[in-house]
Amino acid sequence: MDPRQRIDRALERALGRTTAPGSPPLLARAMHHAVFPGGGRFRPRLTLGVALALGDDAPELTDAAAVAIELLHCASLVHDDLPCFDDADMRRGQPSVHKAFNEPLAVLTGDGLILLAFQNLAEAASGLPQRLGPLVSLVADAVGVPNGIVAGQAWESEPEVEINDYQRAKTAALFAASTMAGAVAAGGVAADWRILGERLGEAYQVADDLRDVASDPETLGKPVGQDAALGRPNAVAQFGVKGAIGRLKGLIDEATGSIPECAGASALRALIRKESEGFLPQALASYAA
C-alpha cells in the first residue's frame with residue numbers, strides 16, 4: 001500500500017471516534033476539516049519510513065504512532081492560525097478552522113486532536129505495553145515544554161529569541177519524535193534516530209522560511225510574508241537567501257548521513273533525498289546552482 005494511503009486510512013479510522021453516538025457533530029466536522037485533505041504528511045511518512053526500515057513488526061502500532069504525530073501537527077496548525085497568533089484565513093488551500101467554523105470550535109478542535117493522538121496510541125499499544133511508555137513520553141515531549149511545539153509557540157511572545165532555540169522547539173522537536181516514534185514502534189532504539197529527525201526538522205523550517213519569502217499564497221496554501229509581518233525569527237533574515245539555501249542543503253546531508261545501518265537504510269536514504277528535492281521553492285531555483 002502507498003504510504004500516503006496507509007496514513008490517510010489510519011487517520012480516518014482514528015477520527016471515527018469523533019462521530020460516535022453522543023459526540024457533537026460540528027466538532028467532528030471541524031476536526032475532520034483540520035486533518036483532511038492534509039498537506040504532504042511528511043512527518044508521519046518519516047515515522048512509517050523508519051519503522052519499515054527496521055522491519056515494521058507491529059504495523060498497527062506503527063500506524064498509531066504515525067497518526068499521533070500527524071494529529072499533533074494538525075492541532076498545532078489549528079492553534080497557530082487563531083486570531084491570537086497568526087490570524088490566518090487559509091490553511092492547506094482551504095479556510096482555516098476558525099474561519100470555516102468559529103474560534104471556540106477551533107480551540108476545541110486543536111485540543112481534541114491532541115487528546116485523540118494519545119487515545120489512539122494507547123489503544124493500539126495494548127498488545128505491546130513495553131513500547132507504549134517510551135512512545136507516549138517522546139511524543140509528549142515533542143509538543144510540550146521545555147522544548148516542544150508549545151515552547152516554540154511561546155518563544156514568539158518573548159522579547160528576544162535565539163533562532164536555533166525557536167526552530168528546534170517549533171519544528172525540529174516533532175520531526176525528531178517522528179523518526180524516534182517509528183523506531184520505537186518497530187522495536188528499535190529511539191536515540192539512534194534522533195539526529196535524523198532533528199536535522200530534517202531544521203531543514204524543513206529553513207525551507208518554510210524560504211517559501212515564506214518566495215512563494216505565493218495559492219501555491220503555498222496559506223498566507224506568505226507572515227514572518228516579516230509578525231517580526232518572527234526567520235532563517236532568510238538571519239543568513240540571507242543564499243546562506244539559507246546552503247544551510248538547507250547542509251542539514252539534509254547531515255540527516256541522511258546519520259541514518260543507522262539497518263536492512264532498509266539505503267532505501268530510506270534514497271526516499272529522504274527524493275522528498276527533500278521539493279523543499280526548495282521554484283522561485284529560488286536560480287540561487288541553488
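Only heavy atoms go into these numbers, but all of them, side chains included; no hydrogens, no water, no symmetry mates.
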Looking at Asp57 and Arg131, is any side-chain nitrogen of the basic one under 4.0 Å from a carboxylate oxygen of the acidic one?
yes
Classify the side-chain pair Arg194/Thr179 by whether it contains a donor and acceptor separated by less than 3.5 Å.
no
So that I can tick it off, tell me whether Asp253 and Arg273 are bridged by a salt bridge, with the cut-off set at under 4.0 angstrom between side-chain N and carboxylate O.
yes
For Phe36, does the six-membered ring have the charged nitrogen or CZ of Arg41 within the cation-pi criterion, i.e. under 6.0 angstrom from the centroid and within 45° of the normal?
yes
Arg199 side-chain N/O to Glu254 backbone N/O, donor-acceptor pair under 3.5 Å
no
Hey, is the main chain of Gly133 close enough, under 3.5 Å, to the side chain of Ser137 for a donor-acceptor pair?
no
Measure from NZ or CZ of Arg43 to the centre of the six-membered ring of Tyr204, then state whether that distance is under 6.0 Å and the direction lies within 45° of the axis.
yes
Sub-3.5 Å donor-acceptor pair from the side chain of Thr19 to the main-chain atoms of Leu15, do we have one?
no
Between the side chains of Glu123 and Arg17, is the shortest nitrogen-to-carboxylate-oxygen separation below 4.0 Å, so that they form an ion pair?
yes
Using a 4.5 Å cut-off on heavy atoms from C-beta on, say whether the side chain of Ile7 contacts that of Val67.
no
Supply the atom-to-atom distance Ser126 OG to Leu132 CG, rounded to the nearest 0.5 angstrom.
9.0 Å
Between the CG atom in Leu77 and the CG atom in Leu113, the distance rounded to the nearest 0.5 Å is 10.0 Å
Quiz question: by atom type and distance under 3.5 Å, do the side chains of Glu158 and Tyr166 form a donor-acceptor pair?
no
Answer yes when Arg269 and Glu261 have at least one side-chain N-carboxylate O distance shorter than 4.0 Å, and no when they do not.
yes
Show the numbers, then the answer: is there a ring pair (Phe, Tyr, Trp, His ring centres under 6.0 Å) between His33 and Phe101?
CA-CA 10 Å; His33 181 93; Phe101 297 89; 5.6 Å; yes
Keeping the roles fixed (side chain from Arg6, backbone from Leu48), state whether a donor-acceptor pair exists under 3.5 Å.
no
State the CH2-CD distance between Trp155 and Gln167, to the nearest 0.5 angstrom.
13.5 Å
Only counting residues at least two apart or in another chain, list the ones meeting salt bridge (charged side-chain N to carboxylate O under 4.0 Å, His left out) with Asp81.
Arg91
